[in-house]
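Data first, discussion second: the structure below is written as structure tokens.
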Amino acid sequence: MTPDPSPYDAVLLVSFGGPEKPEDVVPFLENVTRGRGIPRERLEEVGQHYFGFGGRSPINDQNRAFLAALREDLAGAGLDLPVYWGNRNWDPYLTDTVRQMAADGVTRAACFVTSAYSSYSSCRQYRENLFDAADAVEGAPVLDKLRLYFNHPGFVEPAVDATLAALADLPDAVREGAHLAFVTHSIPDTMNDGSGPEGRAYVEQHRSVMAEVVERVRQETGHRHPHELVFCSRSGSPQTPWLEPDVNDHLEELHAQGAPGVVMVPIGFVSDHMEVVYDLDNEAMATAEKLGLPAGRAATAGLDPRFVAAVRDLLLERAAVERGDEVVRASTGSWPACWDRCAVGCCPNPRGERPALAGVDS
Ligand SMILES: CC1=C(CCC(=O)O)c2cc3nc(cc4[nH]c(cc5[nH]c(cc1n2)c(C)c5CCC(=O)O)c(CCC(=O)O)c4C)C(CCC(=O)O)=C3C
Ligand SMILES: [Fe+2]
């Protein structure tokens, strides 16, 4: 039987956006950091990361490939829904996409955001972006944000397999004793304190994914690898505390402790964003090499068919909820499946409240 996506008549992939050529880099960074008080030196440094990759972020191409995979997955399941794509910071901008959706007669879309966890930057800011886009477009469709999916099996299982594969690639002599460094984007401590309905959800959700991956790797290999949650891509002013330890400092620490090797597992990222290909594959790998510490990096979920299928699962789950049907919500690990609509005060905007979609109050 063909699954029922009603009341949805479209899917919208919502992402960060990135530059595609050198001339895009500065305007992109201006879009990202407007009003954020990011020091000039940090911006110049991050600009260099992009210029080092020819001025082209990998993120848009990854989203194009994900769109193609998602269209194929939906069609394969007999779901005949258009799939759109809009970004926060670069073309195609969300507002333009929502305008096109309205012109195409879309009435209600399920929105999948390329960010799996709670925090202002990874959840509420996208909810504000969705509000702004819908607000700017006459006759905009209803936009429902699909729930956070850090603990969906379709996100966690690829991370388990990627960790096993990266461990297998380490030299035989270091594999068994290798440490696992789970890596995510650093955010200000205060942003973590406000994350989720009760606070600190950003770190707790990552810890729950880490624990689940460590346990499933143990079931496969018989080894419970020592592990830690570490951070990359710290920004902001040096006086503002951000989540630590930095991945590079952690590698120094592991070396000092005599760890034989390490696998970095970038559970904070859904695909190989700039943070992964620069901060981990270039910078952190160079740190490990300098230390003589054998190191590997696990793949991100990317185009894993289980991750692509998770979007379909979340879409059909939410459609059933909206129709008032019973649903089974897939999840794995210590956190239950997340809420559909965010609580009032969840992940507050550090610069003051702005209207946002997908809340219990919106
Ligand atoms: C939690 C989080 C995610 C994960 C959730 C998600 O995926 O959305 C994320 C993703 C991303 N962040 C990205 C790029 C940047 N983030 C910046 C700045 C910042 N990120 C922050 C947090 C996060 N960011 C924060 C608190 C800031 C400070 C300024 C502010 O408060 O907003 C800056 C400015 C320079 C700098 O400050 O470093 C850039 C260029 C890209 C694109 C990568 C590519 O091109 O492949 C992606 C996917
Ligand atoms: Fe960022």
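Keep in mind that what you see is a predicted model, and the values were worked out from it rather than measured. One-based numbering, in listed order, for ligands and for the atoms of each.
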(request) Cation-pi check, R88 to Y126: give yes when NZ or CZ is under 6.0 Å from the six-membered ring centre and within 45° of the ring axis, no otherwise. (result)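 Verdict for Y126: a cation-pi partner in R88.
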
When the ring centroid of [X] is compared with that of [Y], is the distance short of 6.0 Å?
X    : Y    : value
Y202 : H206 : yes
Y50  : Y278 : no
W335 : F150 : yes

(request) Counting heavy atoms only, name the option from W90, F28, Y50, F269 that's nearest to atom 45 (O) of ligand 1. (result)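 Looking at heavy atoms only, Y50 sits closest to atom 45 (O) of ligand 1.
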
(request) Just go through V25, V32, L29 and tell me whose heavy atom is the nearest to atom 18 (C) of ligand 1. (result)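 It is V32 that holds the nearest heavy atom.
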
(message) Less than 4.0 Å is my threshold; does some heavy atom of Y120 fall inside it relative to ligand 1?
(response)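 No, Y120 has no heavy atoms under 4.0 Å from ligand 1.
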
(message) Checking D246 against N248: is there a side-chain donor and acceptor pair closer than 3.5 Å?
(response)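 Checked: N248/D246 side chains pair up, N/O donor to acceptor below 3.5 Å.
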
(request) Around atom 48 (C) of ligand 1, find the nearest protein heavy atom and jot down its residue, atom name and distance. (result)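 Answer, as residue, atom name and distance: H273 ND1, 3.2 Å.
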
(message) If we set the cut-off at 4.0 Å for heavy atoms, which region of H185 has an atom near ligand 1: side chain, backbone, both, or neither?
(response)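 The answer is the side chain of H185.
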
(request) Could you see which bit of W242 sits under 4.0 Å from ligand 1, with heavy atoms only: side chain, backbone, both or neither? (result)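 Near ligand 1, W242 shows its side chain, while the N, CA, C and O stay back.
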
(request) Applying side chain to side chain donor-acceptor pair (under 3.5 Å) between R200 and each of D189, N192, D193, report the one that passes. (result)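 Exactly one candidate clears the test, D193.
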
(message) Is there a polar contact, in the sense of an N or O pair closer than 3.5 Å, between R88 and ligand 1?
(response)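 In this structure, R88 places no N or O atom under 3.5 Å from an N or O of ligand 1.
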
